[in-house]
Amino acid sequence: MPQAAVLILATALLSGVSYGAENYELDIFGSLDVENLWYPQNGAYAEQRAYATGFVAKPKLFLTDYDGSWSIQIAPFFRLDTADSQRTHADLREAYFLVFGEIGDGEWEMRLGVDRVFWGVTESQHLVDIINQTDLVENPNRESKLGQPMAHLTWSTERGIMEFFALTYHRARTFPGVHGRLRSSILIDDEHIEYESAAGEWHVDLAARYSNSFGPFDVGLSVFDGTNRDPVFMPNLDADGTLSLVQHYEQIRQYSMDGQLTIESWLFKLEALRREGASNLMGAKEDYTAFVLGGEYTFNSVLGSAADFGLLAEWNYDLRQEREHSSTEFQNDMFLAVRLALNDTQSTNLIAGILADMDYSTRTLSMVLKRRISDQWSLNLETIVFMDVDEKDIIYTTRRDSFIALNLTYNF
Amino acid sequence: MMNAHIARTTLPLLAVCACILAYPSAPLYAEEATPEEKGLQIARETREKGRGFENFTAEQSMVLRNKQGKESLRQLRVKVLETDGGGNKSLFVFDRPRDVQGTALLVHTHKESDDDQWLYLPALKRVKRISSSNQSGSFMGSEFAYEDLGTPEVEKYTYRYLRDEPCLEMTCTVVERFPLDKRSGYQRLLVWQDKDELRIWKVEYYDKKNSHLKTLTISDYNLYLDRFWQAGEMSMVNHLTGKSTVVTWKDFRFRTELKESDFTQTGLKRMR
């Protein structure tokens with residue numbers, strides 16, 4: 001980065017304002033959050049708390065040259081949690097340099113640094129999304145991800161978009177601590193991480209993706225070769241007699257596809273993967289196939305109002321020989337949901353759904369309500385209710401962890 | 001689970017529909033033509049005059065006002081590329097309200113079929129293909145419906161010329177337009193255009209029960225590249241609810257460095 005840019009960046013950081021010079025443009029924006037979490041039931045484990053307050057800061061800094069041919073984006077993340085020290089954490093979500101230009105009849109783009117990459121189309125789970133590690137302490141919905149260091153090259157032409165990834169460092173998943181909810185009975189060790197590769201967390205993972213749109217059809221084909229983002233757990237007894245679970249990350253190869261067909265008010269969606277080299281829940285290596293198949297229909301301007309009303313259905317399925325050996329809770333689950341967008345000045349938005357396990361008795365209800373209060377303030381109410389969690393279900397340890405979360409957000 | 005209301009818009013084609021080529025005065029229609037033929041002729045002339053701008057960028061702000069006079073603000077940046085096939089490609093990046101800052105929308109419009117739309121959600125860095133079939137829904141809580149904002153393709157209406165009448169200091173034609181799309185929220189529209197430059201000055205919207213629902217008033221026209229008339233202000237009043245929305249355009253730049261590759265999903269992910 002040119003020296004002048006560094007200087008401008010430093011000046012702007014100190015003064016906390018937007019800065020436009022002749023050659024560079026700098027923007028600082030982001031959000032501050034206050035979160036209140038209530039767990040109405042007593043935890044399954046004695047140390048677990050019933051209430052937590054959290055503070056979240058998500059500033060973003062964006063620097064670009066005047067004609068936009070390169071840019072830098074930096075997005076740190078901070079959370080403070082009053083109940084669970086494991087949930088108090090900081091991360092660098094994004095810190096990358098981006099440059100792009102023309103090549104032949106198409107375009108190339110290079111991103112170097114820490115970034116977030118999303119693959120997929122479905123809502124109930126993000127099956128094929130593998131580039132970034134899940135920041136699980138943030139939300140059980142697994143949509144929060146840790147920043148991933150990488151080199152990311154894109155080549156896009158009329159024939160579609162080709163992407164190549166070199167992922168230079170592996171991030172271990174975050175897990176709740178002893179006072180936290182939504183955790184396993186035995187605590188997960190976050191200090192001693194084991195890897196199948198001798199290179200450990202420095203194993204360079206490779207990935208490639210082709211995506212394109214053909215009329216109403218959008219499709220993506222991806223391959224990933226490297227360290228799994230999903231750990232397997234090994235029980236470990238310390239010298240002082242403490243039992244913990246050690247995260248062990250295997251080398252896998254994953255082929256996946258995601259596609260969506262958009263016809264008028266219908267969306268038809270499919271995500272599918274083939275994963276090789278991963279262990280199942282019993283600790284045995286088992287290559288497997290899994291998919292999410294579903295759709296969404298939206299009624300516009302319902303009952304003469306401005307509101308949109310949507311219906312969603314998605315079937316999650318895992319084709320392992322014994323489904324109870326599946327390492328996820330989506331081994332055979334049906335997701336049904338409604339979405340209501342009032343299209344009012346406050347953008348009031350509600351999504352409510354049920355995830356029904358077809359093998360076990362478990363039913364999970366979820367609801368998210370969003371409403372803007374003013375230009376800068378917004379409210380977010382989220383609840384998850386675990387019902388009839390089956391003893392054999394992988395999420396049995398979270399059976400008493402239904403919660404209500406209320407977030408007040410200030411956007412700047 | 002981004003706000004669906006931002007989705008599905010074809011908004012800024014607003015800019016395109018108000019983009020009218022300055023054209024030497026010529027008889028617009030043969031005197032013996034039927035009112036239907038005259039109306040169609042004016043629509044075709046208007047389309048021809050709007051062609052050839054290549055691309056532009058602009059900033060748009062919207063003030064939403066409810067019956068009690070309470071205001072809320074929307075701000076977005078707009079980039080539009082004219083394509084050879086007749087449709088356009090557009091990018092919209094939202095700056096306000098702040099909770100949707102950085103959300104961006106890519107639209108590929110087609111003359112014959114529904115538009116293709118992709119929404120970029122910066123929090124997840126996710127691009128979502130979304131349905132474009134919502135015609136009568138409100139754009140971002142404003143008094144503009146999606147169908148008020150899209151490029152008015154000539155083929156999507158039938159027409160009837162009504163009369164010439166004085167408007168402002170000019171003479172305007174008044175043409176009735178009937179939407180062919182069943183998803184439209186209107187039975188008919190009345191459109192006032194001046195005879196010299198074909199600029200639209202006023203539109204009245206009549207709902208399915210034929211009651212006068214809304215009135216759009218357009219003002220503050222400027223001439224760009226010596227050819228294109230662009231409105232600076234558009235004001236929509238809803239007579240049923242008493243709410244109104246005023247759209248102001250600024251910083252128009254025509255024939256910029258914009259390229260086809262800026263209007264792809266890769267380009268969309270670069271927006272912020």
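Computed over heavy atoms, backbone and side chain alike; hydrogens, waters and symmetry mates excluded. Reminder, nothing fancy here: chain letters follow the sequence lines and each chain counts from 1. As the structure is a prediction and not an experimental result, all values here were calculated from the model.
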message = Using every non-hydrogen atom in the two residues, find where B:S131 and A:L267 come nearest and quote the distance to one decimal.
response = N-CD2, 4.3 Å
Salt-bridge criterion met for [X] and [Y] (N-O under 4.0 Å):
X: A:K370; Y: B:D99; result: no
X: A:E123; Y: B:R126; result: yes
X: B:K125; Y: A:E94; result: yes

Rounded distance (nearest 0.5 Å) linking atom [atom1] of [X] with atom [atom2] of [Y]:
X: B:R96; Y: A:D375; atom1: CZ; atom2: CG; value: 4.5 Å
X: B:D114; Y: A:S265; atom1: CG; atom2: OG; value: 9.0 Å
X: A:Q346; Y: B:S72; atom1: CD; atom2: OG; value: 7.5 Å
X: B:S261; Y: A:E107; atom1: OG; atom2: CD; value: 4.0 Å
X: B:Q265; Y: A:T154; atom1: CD; atom2: OG1; value: 11.5 Å

Give, as side chain, backbone, both or neither, the part of [X] having an atom under 4.5 angstrom from any heavy atom of chain B.
X: A:F100; result: side chain
X: A:S31; result: neither
X: A:Q260; result: side chain
X: A:S213; result: side chain
X: A:K145; result: neither
X: A:E296; result: neither

What residue in [options] has the most heavy-atom pairs under 4.5 Å with chain B?
options: A:T345, A:D218, A:I263, A:L342; answer: A:D218
options: A:E163, A:R111, A:E109; answer: A:E109
options: A:A306, A:P216, A:S378; answer: A:P216

Does the side chain of [Y] come within less than 4.5 Å of [X]'s, by heavy atoms?
X: B:Q101; Y: A:N411; result: no
X: B:N134; Y: A:S301; result: yes
X: A:T262; Y: B:K128; result: no
X: B:R183; Y: A:N300; result: no

message = Less than 6.0 angstrom from the centroid, inside 45 degrees of the normal: does B:R98 satisfy that with respect to the ring of A:F29?
response = no
ask   = Would the number of heavy atoms belonging to other residues, nucleotides or ligands and lying under 6.0 Å from CG of A:L303 be above 12?
value = no
ask   = If contact means a heavy atom pair closer than 4.5 Å, which residues of residues 128-135 of chain A contact chain B?
value = none
